[in-house]
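Numbers restart at 1 for each chain; the letters A, B, ... are given by sequence-line order, proteins then strands.
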There are 2 protein chains.
Amino acid sequence: MNNSERKKIIESIFQNIDNETIDIIIKYSSFLELNKGSVLISEGKRHHYFYLIVEGGVKSYYIKEFKEVCTWFAFENEIIGTTSTLQGLPSNESIQLLEDSRLIRFNTKKINELTLSNLKMCQLLNSLWAEHSLFLEERLRLLQFTNSQERLEALIKYNSEILQRVSLTDIASFLGVSRETLSRIRAKK
Amino acid sequence: MNNSERKKIIESIFQNIDNETIDIIIKYSSFLELNKGSVLISEGKRHHYFYLIVEGGVKSYYIKEFKEVCTWFAFENEIIGTTSTLQGLPSNESIQLLEDSRLIRFNTKKINELTLSNLKMCQLLNSLWAEHSLFLEERLRLLQFTNSQERLEALIKYNSEILQRVSLTDIASFLGVSRETLSRIRAKK
DNA sequence: ATAGCTTTGTGACATTTGTCACAATAATTA
DNA sequence: TAATTATTGTGACAAATGTCACAAAGCTAT
């Protein structure tokens with residue numbers, strides 16, 4: 001991927017940022033192609049990057065009693081990272097590629113520094129946080145007071161892409177039910 | 001509550017903000033004393049304020065099938081509002097006082113305007129969002145892959161204040177279990 | 001194509017949780 | 001204080017879900 005392609009993608013994601021800042025952002029980013037199974041962020045470690053998925057998909061999870069608990073999935077044009085990593089803490093979850101993927105990688109510290117002097121950048125981050133909070137609140141609602149049937153229906157309705165690109169084992173964990181229960185709910189319909 | 005008291009509290013919450021901005025924030029705020037049961041924000045409506053609890057407590061909830069589903073509780077020195085309200089949307093949940101409370105009320109629009117020109121204010125909002133995201137992510141973990149016993153234990157460990165100040169009916173709803181189940185788990189210990 | 005591995009489906013049974021009904025207790029108000 | 005209301009506890013039973021075991025189906029690589 002050449003520089004002008006990368007610029008186009010970054011411009012479409014980081015909207016309303018002046019040209020000069022975009023160039024700085026590009027300087028602080030790099031392009032990667034990685035294979036399915038690669039781990040971008042691993043639980044318990046400090047990391048210095050967040051990513052934009054150009055093509056491909058990832059899952060995020062943590063280990064509980066020797067088992068993976070999936071917390072979210074992401075695909076094309078989504079910005080991914082872990083909240084703890086963005087704050088300079090050891091990550092509370094891992095991020096792994098579900099497919100061979102093409103990614104743009106950003107340096108967390110450098111981007112954070114930009115927000116200290118660049119108001120637009122700071123505002124952009126604010127809107128990303130707000131969006132992220134809404135996403136989390138919706139997920140909380142889904143988990144707090146719905147049965148597994150309703151959760152699956154919501155997933156089909158609002159995130160049908162996940163169903164097509166993620167294994168049922170991971171989806172079950174994401175929905176907070178056992179693999180077997182998910183299998184049975186699917187059979188019932 | 002006089003102006004200098006209010007200034008002190010606001011300064012302790014909005015850290016690293018210059019004096020001039022603090023004065024503006026104070027101008028955009030007002031002090032309130034309200035009784036238990038008062039509703040600060042009601043589901044489905046647009047609101048133009050967020051609040052700081054000086055003394056007292058609140059619960060947030062939405063209605064599902066004629067029942068309240070509690071989403072969170074807050075007490076002294078916490079900033080409260082709903083994400084949807086902050087973004088100018090109709091609120092997706094209600095906020096009601098659990099106790100007679102003393103509050104400082106802020107004008108959302110005015111504060112949002114401040115972030116357009118004041119970098120410090122924008123950064124402050126960023127850190128509030130980040131903190132809020134971490135809070136939501138922890139709650140998600142608690143709900144996604146724990147049984148009711150573990151949820152109650154986590155609540156006792158990390159939010160014992162809630163147990164002392166909130167009815168078991170509301171706590172059960174917050175933990176995502178029926179009132180009866182919570183009652184039985186408590187009896188078992 | 002075949003052997004090996006991964007993913008998905010399904011039966012049997014135990015456990016957990018929800019629901020309904022009602023009793024016991026605590027808090028509030030006249 | 002007595003009456004009333006709100007909150008909490010508990011028994012009985014039904015429904016949902018988890019766990020374990022194993023079969024079926026899909027992939028992958030040689």
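A/Glu65 has its CD atom 14 Å from the C1' atom of D/dT19, to the nearest Å. Nucleotide D/dT28 holds its C1' atom 14 Å from the CG atom of A/Asp100, rounded to whole Å. Computed from coordinates, the A/Phe145 CZ to C/dT17 P distance equals 13 Å when rounded to whole Å. With rounding to whole Å, A/Gln164 atom CD is found 18 Å from C/dT7 atom C1'. Atom pair A/Leu168:CG and C/dT6:C1' shows a separation of 13 Å (rounding to whole Å applied). With rounding to whole Å, B/Lys36 atom NZ is found 11 Å from C/dA27 atom P. The distance from atom CG of A/Leu152 to atom P of C/dG9 is 11 Å, rounded to the nearest whole Å. Across the protein-nucleic acid pair, B/Ile171 atom CD1 and D/dT8 atom P stand 8 Å apart, rounded to whole Å.
With hydrogens and angles disregarded, no donor-acceptor distance shorter than 3.5 Å links the side chain of B/Glu78 to the backbone of B/Ile53.
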Output one letter per nucleotide in nucleotides 10-17 of chain D: B when a protein non-hydrogen atom lies under 4.0 Å from the base, S when only the sugar-phosphate is that close, - when neither is. BBB----S

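Going from atom CD of A/Glu138 over to atom OH of A/Tyr158 covers 8.5 Å, rounded to the nearest 0.5 Å. Atom CD of A/Glu93 and atom SG of A/Cys70 lie 10.0 Å apart (nearest 0.5 Å).
The side chain of B/Ser167 contributes no N or O atom lying less than 4.0 Å from OP1 or OP2 of D/dA6.
Using a 4.0 Å cut-off between charged side-chain N and carboxylate O, A/Glu43 and A/Lys64 make no salt bridge.
Remark: the A/Asn107 side chain and the A/Lys27 side chain contain no N/O donor-acceptor pair separated by less than 3.5 Å. Inspection of the B/Ser91 and B/Thr82 side chains reveals an N or O donor paired with an N or O acceptor under 3.5 Å.
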